[in-house]
Amino acid sequence: MATISFSSEGKSNPLVAGYAGAVVTVLIWAVWVLATRHTTATPLGTIDIGLIRYGVPAILLAPIWLRTGLLPKGVPVKLVVVMVAGAGALFFQVTAAALHVTPAAPGGILLGGSLPLATALIGMALFGERPDRMRLAGLAAIVAGVAILLVASMFKSGMTATGFVLLPLGAILWAGFTHAFRRSGLSALEGAALIAVWSFLIHLVLAALFGTHLAEASLPDLALQITSQGILSGLIATFAYGTAIRALGGSQAAAFTAITPVLATLGGAFFLGESFGAAEMIAALVVGAGVALSTGILSPRR
């Protein structure tokens, strides 16, 4: 995994660090989709998983957020709110609730496919970004892949309206975080620490109000979630994605996340025994092709 170094973040070769961060994020996100789906077979609910996901990095990154404070100087409060909502507690509760009732393959396609699209649209609408033709073609391919999944789901069970509503909503939230973090001036570690501590505090309030089932879970289940949610997703992926945003820009970093559907589709079949057909595979491949174009890899150099 990428070495977490506050002092040398991205200085040796920003583009290499950015692409590496994007790839690490995609791999971990695929694991996160599978691990969250796995919790349906355990006593753990979304509040329990949220406590793990944000509690672990909040503790490990305590020296960072204790130094910056819960409201870092020079960072507008509205950016902090958008970041915490977009990559923290609200994002997690929305997407975890959706993944509890959505198989890994369509769940990964809807979330991973919607995210770069939402990020690009926000960038164009609010910040004047103008993607070239190749990137627009990539976004169109992502939309086509999600449309294939939508049509296929109409003819089979296993995909609920909840997933179609909540997962794109989660993508919009994450897109908001992408743009807010880019404009915050925070480092990847500072952003990860801030999101973790605020989200952990929010989940502590939720646990006090609605209770938890952590004591009912087995040690292997807890170990799996601590590793996948707390260490990989909550700590490493958030840091890696922040590094990608800093080096590549928000829209390009977000485009990489559309690779997640292919990995989630295969992982759901091999590790969770979830069935998938030609439509899911075609959708995943079309979305994967879309992300390749969206990154600008085939765009003319200026």
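Computed from heavy atoms alone, side chains included, the values below leave out hydrogens, waters and symmetry copies. One-based numbering along the sequence shown.
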Any donor and acceptor pair, going by atom type alone, linking the side chain of Arg53 with main-chain N or O of Ser228 inside 3.5 Å? no
Let me confirm one number: the OG1-CZ distance from Thr119 to Arg182, rounded to the nearest 0.5 Å. 11.5 Å
Step-by-step side chain to side chain contact (heavy atoms under 4.5 Å, CB included) determination, Leu61 to Phe239: CA-CA 11 Å; Leu61 297 178; Phe239 168 79; over 6 Å; no
To the nearest 0.5 Å, tell me how far Ile64 CD1 sits from Glu190 CD. 7.0 Å
Is any side-chain heavy atom of His179 closer than 4.5 Å to a side-chain heavy atom of Glu129? yes
The residue among Leu115, Leu34, Val24, Leu232 that forms side-chain contact (heavy atoms from CB on, under 4.5 Å) with Trp29 is Leu115
Centroid-to-centroid, Trp65 to Phe200, below 6.0 Å? no
Output the distance between atom CZ (Phe164) and atom CG (Leu169), rounded to the nearest 0.5 Å. 15.0 Å
Closest approach of Gln225 and Ala35, non-hydrogen atoms and distance? NE2-O, 3.3 Å
Residues Ala118 and Ala171: closest non-hydrogen pair is CB-O, 4.1 Å
Side-chain atoms of residues 73-83: list all donor-acceptor pairs with protein atoms under 3.5 Å, sequence neighbours left out, distances to 0.1 Å.
none

Separation between CE (Met281) and CD1 (Ile148), nearest 0.5 Å, reads 12.0 Å
Shared hydrophobic cluster, Leu70 / Leu186 (ILVMFWY, side-chain heavy atoms < 4.5 Å): yes
Indicate, with yes or no, if Ile47 and Leu224 share a hydrophobic cluster defined by side-chain heavy-atom contacts under 4.5 Å among Ile, Leu, Val, Met, Phe, Trp and Tyr. no
Quick one, Val143 and Leu117 - any side-chain contact, counting heavy atoms below 4.5 Å? yes
side-chain hydrogen bond (donor to acceptor under 3.5 Å, both in side chains), paired with His100, selected from Thr95, Thr46, Thr40, Thr39: Thr39
Would you name the heavy atoms of Ala89 and Ser199 that are closest together and state the gap between them? N-OG, 3.0 Å
Measuring from atom CG of Leu204 to atom CG of Leu201, what distance do you get when rounded to the nearest 0.5 angstrom? 6.0 Å
Distance-minimising heavy-atom pair for Leu222 and Ile52: CD2-CD1, 4.2 Å
Does the side chain of Phe92 come within less than 4.5 Å of Tyr54's, by heavy atoms? yes
In terms of heavy-atom contacts, Ile28 and Ala237 come closest through CG2-CB, 3.7 Å
Please say yes or no: joined through hydrophobic side-chain contacts below 4.5 Å, possibly via intermediate residues, are Ile172 and Phe127 part of one cluster? no
Decide whether Leu126 and Ile245 are clustered together by the hydrophobic rule: side chain heavy atoms of Ile, Leu, Val, Met, Phe, Trp, Tyr closer than 4.5 Å, transitively. no
Note, Leu139 side chain near Leu121 side chain (heavy atom, < 4.5 Å): no
Of Leu27, Val26, Thr25, which meets side-chain contact (heavy atoms from CB on, under 4.5 Å) against Val23? Leu27
Within-4.5 Å side-chain heavy-atom neighbours: Ile202 and Val84: yes
Atom pair CD1/OG1 of Ile122 and Thr178 - distance to nearest 0.5 Å: 8.5 Å
Neighbour count >12 (heavy atoms, 6.0 Å) for atom CG, Leu219: no
Got a sec, which residues hit side chain to side chain donor-acceptor pair (under 3.5 Å) with Ser218, two or more places apart in sequence or on another chain? Asp221
How far apart are the C-alpha atoms of Tyr241 and Phe181, what are their side-chain angles, what is the distance that settles it, and do they pass the side chain to side chain contact (heavy atoms under 4.5 Å, CB included) test? CA-CA 10 Å; Tyr241 188 70; Phe181 172 74; over 6 Å; no
Between Thr238 and Ser233, is there a donor-acceptor pair closer than 3.5 Å when you use the side chain of the first and the backbone of the second? yes
Looking at every non-hydrogen atom in both residues, tell me the closest pair between Val94 and Gly170 and how far apart they are. CG1-N, 4.0 Å
Using modelled atom types only, decide if a donor and an acceptor are shared between the side chain of Arg37 and the backbone of Leu99 within a distance under 3.5 Å. yes
Among the clusters formed by ILVMFWY side chains lying less than 4.5 Å apart, do Leu71 and Ile195 turn up in the same one? yes
Assess whether atom CZ of Arg133 is packed by more than 12 heavy atoms of other residues, nucleotides or ligands within 6.0 Å. no
